[in-house]
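Working notes, beginning with the structure itself.
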Amino acid sequence: MCDTCGCEHGETAHEAAESRRIPVIQKLLSANDQAALENRQHLKAHGITAFNLMSSPGAGKTTLLLATIAALREQTRLGVIEGDTASQVDAEIIAATGTPVVQINTGGGCHLDAPMVHSALHALPLDALDVLFIENVGNLICPVAFDLGQNYKVALLSVPEGHDKPYKYPAIFEAVDVVVVTKADLMPYLDFDLEKFRALVHGLNDTAPVLTLSAKTGEGVADWLAWLGERFV
Amino acid sequence: MHELPLTEDILRIATQHAAGKPIIAIYLVIGDLTSFVDDAIQFYFDLIAPRTLAEGATLHFRRVAVRFRCRSCETEFAPVNHDWHCPACGALGGEVIAGKEFLVESIEVATEE
Ligand SMILES: Nc1nc2c(ncn2[C@@H]2O[C@H](COP(=O)(O)OP(=O)(O)OP(=O)(O)O)[C@@H](O)[C@H]2O)c(=O)[nH]1
Ligand SMILES: [Mg+2]
Ligand SMILES: [Zn+2]
């Protein structure tokens, strides 16, 4: 029992009155941002342009990477970091093309962070790469909050997910440099409203182009390759 | 799940600024556009704060709603549910001018008598 007033809380409850407010104003995730800055410098020193691919699970990141590798491997030295909560499935698919790849397993974690990418960079032959694709963990929510040190952020949205997603996940569409609508071959079977989707994305972000493609049929892939090609250093 | 590294950051920043004094409260500002959930931060805080300067500290959350600035007429407005139209000119969406905040604003520490 407290000696000061006999209450049940003990002395500490009263000490709280003797307090002082200290202004801080410090951005959170600064440790991640610092690691991202180091990754960015590291990549720059090796002349590598890095792309962070983000989408829901199954939107078609790995499939688009395969199409991209097939188109560019002769002229550009590509590397891949695969982020998944578990398994080597995606890394094995990429490795089968002969492309250097490192799998990060987050063990249930819902996004990649900059320190994870830092470790992965050390496992890649950086001197032998021009371009690095980082496939983030399939998730529309948190990956975008974690800077990885990439040069460009890419959001993929597949046609079956629906055109209303910018309402529900505005942060990712607001933050990326390009939005890629995937699985365009499925348009005839679904009620995806491309113009509505484009208007919502541009409502949030008037600088990111909205590209449409199908990695299955190859339709639109050339526009994606052109967008990429303009960004290689 | 992703609130753990964030909560560690909160604790680290608060401890740095407390300069050895017991922390009574931490004031956070979190925009609605960030994906961070108050309850999850509180959950991890209760796990990691014991035996630190912030043991028993109260977390105060100030949420900041998303606001747009219309790209056509510069009117500032809050989107309502799935209505993103500018109330002045009807344009859709706008530059996000609030809702991305994400910081420790201040802390309250105990002072000796
Ligand atoms: N119809 C159609 N299916 C596609 C297309 N692209 C990918 N898919 C299919 O969609 C499924 C998921 O594709 P992935 O490339 O594995 O998707 P992901 O985004 O890498 O998935 P996670 O890594 O698990 O998040 C696979 O069955 C693909 O064959 C496309 O353009 N059209
Ligand atoms: Mg994949
Ligand atoms: Zn307007």
Side-chain angles (χ1 to χ4, degrees), chain A residues 9-35 85 106-116 137 139-146 164 166-175 196 198-207, chain B residues 1-10 12-14 16-19 21-37 41 56-58 66 68 70-71 79 81-86 91-96 99-113:
Chain A
H9 297 110
E11 291 291 351
T12 51
H14 296 282
E15 280 167 24
E18 308 293 324
S19 72
R20 189 159 58 88
R21 189 84 163 250
I22 302 175
V24 177
I25 315 283
Q26 193 163 329
K27 194 176 166 289
L28 286 164
L29 286 182
S30 48
N32 184 77
D33 290 351
Q34 183 55 38
T85 64
T106 58
C110 45
H111 60 270
L112 294 180
D113 63 29
M116 293 175 197
V137 178
N139 178 348
L140 269 188
I141 304 174
C142 29
V144 72
F146 294 81
D164 61 352
Y167 284 133
K168 300 178 181 178
Y169 307 95
I172 183 166
F173 296 104
E174 197 268 343
K196 176 82 190 193
R198 203 186 292 275
L200 291 176
V201 170
H202 287 153
L204 286 165
N205 179 340
D206 64 344
T207 53
Chain B
M1 171 79 218
H2 57 271
E3 276 83 359
L4 178 58
L6 173 72
T7 311
E8 289 167 342
D9 223 23
I10 292 169
R12 184 182 57 77
I13 292 170
Q16 262 170 18
H17 286 80
K21 300 207 164 54
I23 301 166
I24 296 166
I26 303 176
Y27 292 82
L28 302 165
V29 182
I30 304 182
D32 281 346
L33 205 64
T34 71
S35 52
F36 299 100
V37 180
I41 294 173
T58 309
V66 174
F68 286 138
C70 176
R71 292 196 183 87
N81 190 12
H82 58 272
D83 186 1
W84 285 4
H85 291 94
C86 168
L92 187 66
E95 186 199 341
V96 174
K100 298 205 278 186
E101 300 75 2
F102 195 32
L103 49 99
V104 179
E105 189 173 53
S106 63
I107 60 172
E108 191 180 342
V109 296
T111 50
E112 300 95 328
E113 332 273 284

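Numbered from 1 within each chain, the chains take letters A, B, ... in sequence-line order. Since the model is a prediction, treat every value here as computed from it, not as a measurement.
- Interface remark: of the candidates B:L28, B:T34, B:I13, B:I13 forms the most heavy-atom pairs closer than 4.5 Å to chain A.
- Of the two parts of A:A145, only the side chain, counted from C-beta on, holds a non-hydrogen atom closer than 4.5 Å to a non-hydrogen atom of chain B.
- Both the backbone and the side chain of A:D206 come within contact range of chain B, with heavy atoms under 4.5 Å apart.
- Contact count against chain A (heavy-atom pairs under 4.5 Å) is highest for B:R71 among B:H17, B:R71, B:E101.
- Nearest heavy atom pair, residue A:G109 against residue A:V137, reads O-CG1, 4.1 Å.
- A:F146 touches chain B through its side chain: at least one heavy atom from C-beta onward sits under 4.5 Å away, while N, CA, C and O do not.
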Item to check | Working for side-chain contact (heavy atoms from CB on, under 4.5 Å), residues A:I25 and B:E105 | outcome: CA-CA 4 Å; A:I25 315 283; B:E105 189 173 53; 3.9 Å; yes
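- The aromatic rings of A:Y167 and B:H82 lie perpendicular to each other, with more than 60° between the two planes, well past the 30° mark.
- For B:L92, the side chain to side chain contact (heavy atoms under 4.5 Å, CB included) partners are A:A199, A:L200, B:W84, B:H85, not counting sequence neighbours.
- Counting heavy-atom pairs closer than 4.5 Å to chain B, the top residue among A:R20, A:H202, A:K27, A:K168 is A:R20.
- Among residues two or more places apart in sequence or in another chain, the salt bridge (Lys or Arg N to Asp or Glu O under 4.0 Å) test is passed with B:K100 by A:E174.
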